[in-house]
**Q** 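Dumping the structure here so I can ask a few things about it.
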Amino acid sequence: TIGDVLSRYKIQKGFNVLHPMGWDSFGMPAENAAKSNNLDPKIWTEENISVMKSQLEKLGLSIDWDREISTCSPKYYKHQQKFFLDLYEKGLVYRKENYVNWDPVDKTVLANEQVINGKGWRSGATVERKKLNQWFFNINKFSDDLLNDLESLENWPSKVKTMQKNWIGKSFGCELDFEIQGNSKVNKIKCFTTRPDTLFGMSFLAVSVDHPIAKFYKDDKDFESFRKECSKTGTTEESIAQAEKLGFKTNLTAINPLDKSKEVPVYFANFVLMDYGFGAVFGCPAHDQRDLDFALKYKLEINPVVKPAEEDNNFKVDKIAYTGPGVIFNSKFLDNLKVPEESIISTIEILEKDKIGKKKINFRLKDWGVSRQRYWGCPIPIAYTKKKEIKKVPIKQLPIKLPENIKLNVSGNPLDHQEDWKKIIIDGEECTLETDTLDTFVDSSWYFLRFCSPKNENEGFSIDDVNYWMPVDQYIGGVEHAILHLLYSRFFTKALSYQNNEFKISEPFQGLFTQGMVCHETYKIENQWLNPEEVTSNNGKDYYLKKDTKKKVIVGPSESMSKSKKNTIDPEKMVESYGADSVRFFILSDSPPEKDVQWSDQGMQASYKFTQKFWNLNTELKKIINRNNKKNSKENKTNVEMSTFTNQIIKKITYNLENFHYNVIVANFHEIYNFLNKLKQHEISNIEDFKQNYINILVVMNPVLPHLISECLSELEVKNTSFWPEINTKYLEEKSVNIVIQINGKKRDLINCDKNISEEELFEKLKAKEGLRKYFKGKQIIKKIYVKNKIVNFILK
RNA sequence: GCCCUCGUGGUGAAAUUGGUAGACACAAAGGACUUAAAAUCCUUGCCGCUUGCGGAGUGCCAGUUCGAGUCUGGCCGAGGGCACCA
């Protein structure tokens, strides 16, 4: 509805508007639903699409159905496979072993969201960490661009930009090598740090259990049990947060590169991540809380090297690490450097000069793993030779279509069992197809480009179309896409334009609006969710089962509508009972579009009443207009009122449309009704003028209530309705203004006078005011503030 | 723990740059029309005396200002994001 209002408005303003709709139709829900109902995912998906499409059509949305696309169609994913190969050639796609959440019962990889309390959401089995060969997109390559270009996105909510910024997580520091003693095969361990200036406070070195040096301990039973302990807490977020810092002391020691006389123990530690930095950190307990917790547990030294102020020479750290600004001390040649502005840069310079380390920028952003061991997704256009070499599937052999009518209830990836499908001949050589499919986020990372050329069979998009339409002027979506989808789409756009002189779009979405959800209360009885249609209430507080009104229903909080909680309203039924415009009007009326809407029958009925009332009013106004057909060109008072109101309301509605204040537009419509409903009782002398104003009002109401308004306009026999009225500023010039009279900053009166009244004249008027005298009695005016046409404030003593 | 956003009547909410707080609606109460209902329209809305007027008032405490829902600092509360990121 929000998008439809916008596109109708822009069309009326004369823009060429592309307002498409498509179906992001691959993914787990279809596969799982098909599995449990013994259906083909394709049929299940197509049925859903047709239901949803008919719902959207009934709402009367101005969608260009000629451009409809569906990501599960080979016509769409054929091009996606080409893009995959294109990125592969550019070196933006690679295959690597990585840890994944592995469900040992279902034999599949799970996304983090599918791991609940450490267990697989379907099987209930304890999830394991497993190393698997996976396909990755090198999103990291664009870390800097993805971060810096956020600044150019002026029409994005800053909330989303901040979230992306934190997600990318750029940090400045240095890498440095530590000399290691105790094992002749380990000479050095490389660490990344943002605080090289605290190096003199180092009291241990910790590495991840997945660090390459772990191989020297694989026969140590104690280490193996420690490693298992770590991987148990490894993947779920909550457990990480609660996890205690655990260490396994090795026989190794590390030498402080700035003070070779100092040796510290080397630990394996559960808090060190292999996939950030180099999987190794040096610990400075005095100035890092995590290091301090570890040091306290294993009774390691705590050596402060930053003091808050010059004079704090005996500064000590007890249970809370000091991470604030200050001055370096206890650090020989680094002493007296100011923290942080001098200390970090200076230390890096010293480390670089001595060839111990070098400046480095690290990103939290990890490369995007796109492999899924699932059937219902886009096949990856790669095959393997008998020698396990990677072969690209030649373009002329694309698309690699998914096999149809296959058995889904098998363990692991159903495609793995498709022996015939897997066989492919490439350049005369017999190969085996990749059975992983692409993450559905890949499908949604470029669909906006496809909308520009939805029927182009040779290419995913044609460059001319894309240059004409892109970037998307206004993107509307839920805030839940703030990071994943919106970041992936930004990456994909950059990846396509990389090494491509024709495609020069660097950002896909110029404007972003994050809208709220439609919510409804939830109802439950004996642990079963109930649909709102199954319950009834006579006071709006206590709810009962419709079938058995003695049974009380438990009312839960309002949540965004979902099938699983059954708190949904069928839009088709609503449209049938109230009409599409009333439904739109209600959705917009309740809250600002960025906030959630609470669905209520009362609100729905109120909106329905409004559309009925307005239709009746239109019938009355039509009669007035037709009855009074004699020509009288003279404007009377009512005509002037009408013109003034019309121009004011056009201005307001235009402003509110431009700024997404759609709920205020609903208020504007009530104003219109209330005004016209009163005005109709008055004598109108120039009926033609009145009619023109009324048409203009109807025209600006059109984006919100398109069906009703188009009917009203055709009743008046208006032919051209697709325009946006110009504002006649003559009627916006107010002849008189209301001036607020304040005394000592408090409002005491309101006075209506001519616009641009002089200060002297105004004060003369005020003197005559009976009601104000009492305030001035026995007081002296020490100051007068007069803001022209607005306010006057007297300071009395 | 860190980061972000937000606190306005019984409810959803308005309030373009600091300048009439509560537009517009929902719910409630009262009234008009009607035999009655529906529909429609009007009034009320916190505290005090009750034509009218006076007072308090935008989470709490302070500050800046002639003037603060709006700006600054601190606190309290709610929601969202991230999370051993070195």
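Quick caveat: nothing in here was measured; it's all calculated off a predicted structure. Convention: sequence-line order gives letters A, B, ...; per-chain numbering from 1.
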**Q** Using the C1' atom on both, measure B:rU51 against B:rA62 and round to a whole Å.
**A** 42 Å

**Q** Around atom NZ of A:Lys161, are there more than 12 heavy atoms from other residues, nucleotides or ligands closer than 6.0 Å?
**A** yes

**Q** Could you check whether A:Tyr775 gets within reach of a base, just the sugar-phosphate, or nothing at all, counting any heavy atom under 4.0 Å?
**A** sugar-phosphate

**Q** Can you find a side chain N or O atom of A:Ser158 that sits less than 4.0 Å from OP1 or OP2 on B:rU5?
**A** no

**Q** Indicate, with a heavy-atom threshold strictly under 4.0 Å, whether A:Asn663 touches base, sugar-phosphate, or nothing.
**A** sugar-phosphate

**Q** Does B:rA23 have OP1 or OP2 sitting under 4.0 Å from an N or O in the side chain of A:Asn668?
**A** no

**Q** Would you check, one step at a time, whether the test side-chain contact (heavy atoms from CB on, under 4.5 Å) holds for A:Ile741 with A:Ile739?
**A** CA-CA 6 Å; A:Ile741 313 303; A:Ile739 294 180; 4.2 Å; yes

**Q** Report which part of the nucleic acid A:Val272 touches: base, sugar-phosphate, or nothing (heavy-atom distance under 4.0 Å, all strands).
**A** base

**Q** I'd like the C1' distance from B:rG52 over to B:rC66, given in whole Å.
**A** 29 Å

**Q** Syn or anti for B:rG9, given that syn means the glycosidic angle lies within 90° of 0?
**A** syn

**Q** Record whether the side chain of A:Lys783 comes under 3.5 Å of the base of B:rC66 through a donor-acceptor pair of N or O atoms.
**A** no

**Q** What do you reckon, is CD of A:Glu154 surrounded by more than 12 foreign heavy atoms closer than 6.0 Å?
**A** no

**Q** Does B:rC41 have OP1 or OP2 sitting under 4.0 Å from an N or O in the side chain of A:Asn677?
**A** yes

**Q** Taking OP1 and OP2 of B:rA86, is either one under 4.0 Å from a side-chain nitrogen or oxygen of A:Arg364?
**A** no

**Q** Can you tell me if the side-chain N/O atoms of A:Lys595 get under 4.0 Å from OP1 or OP2 in B:rA13?
**A** yes

**Q** When the C1' atoms of B:rU64 and B:rU70 are considered, how many whole Å apart are they?
**A** 14 Å

**Q** Give one of base, sugar-phosphate or nothing for A:Lys165, where a contact means two heavy atoms less than 4.0 Å apart.
**A** nothing

**Q** Please convert RNA chain B into dot-bracket. A pair counts if it is Watson-Crick or G-U wobble with both distances under 3.5 Å; crossing pairs go in [ ] and bases paired with another strand get |.
**A** (((((((..(((......[....))).(((((.......))))).((((..))))...(((((..]....))))))))))))....

**Q** Looking at every strand, decide which applies to A:Asn362 at a 4.0 Å heavy-atom threshold: base, sugar-phosphate, or nothing.
**A** nothing

**Q** Looking at A:Tyr673, does any N or O in its side chain come under 4.0 Å of the phosphate oxygens OP1/OP2 on B:rU40?
**A** no

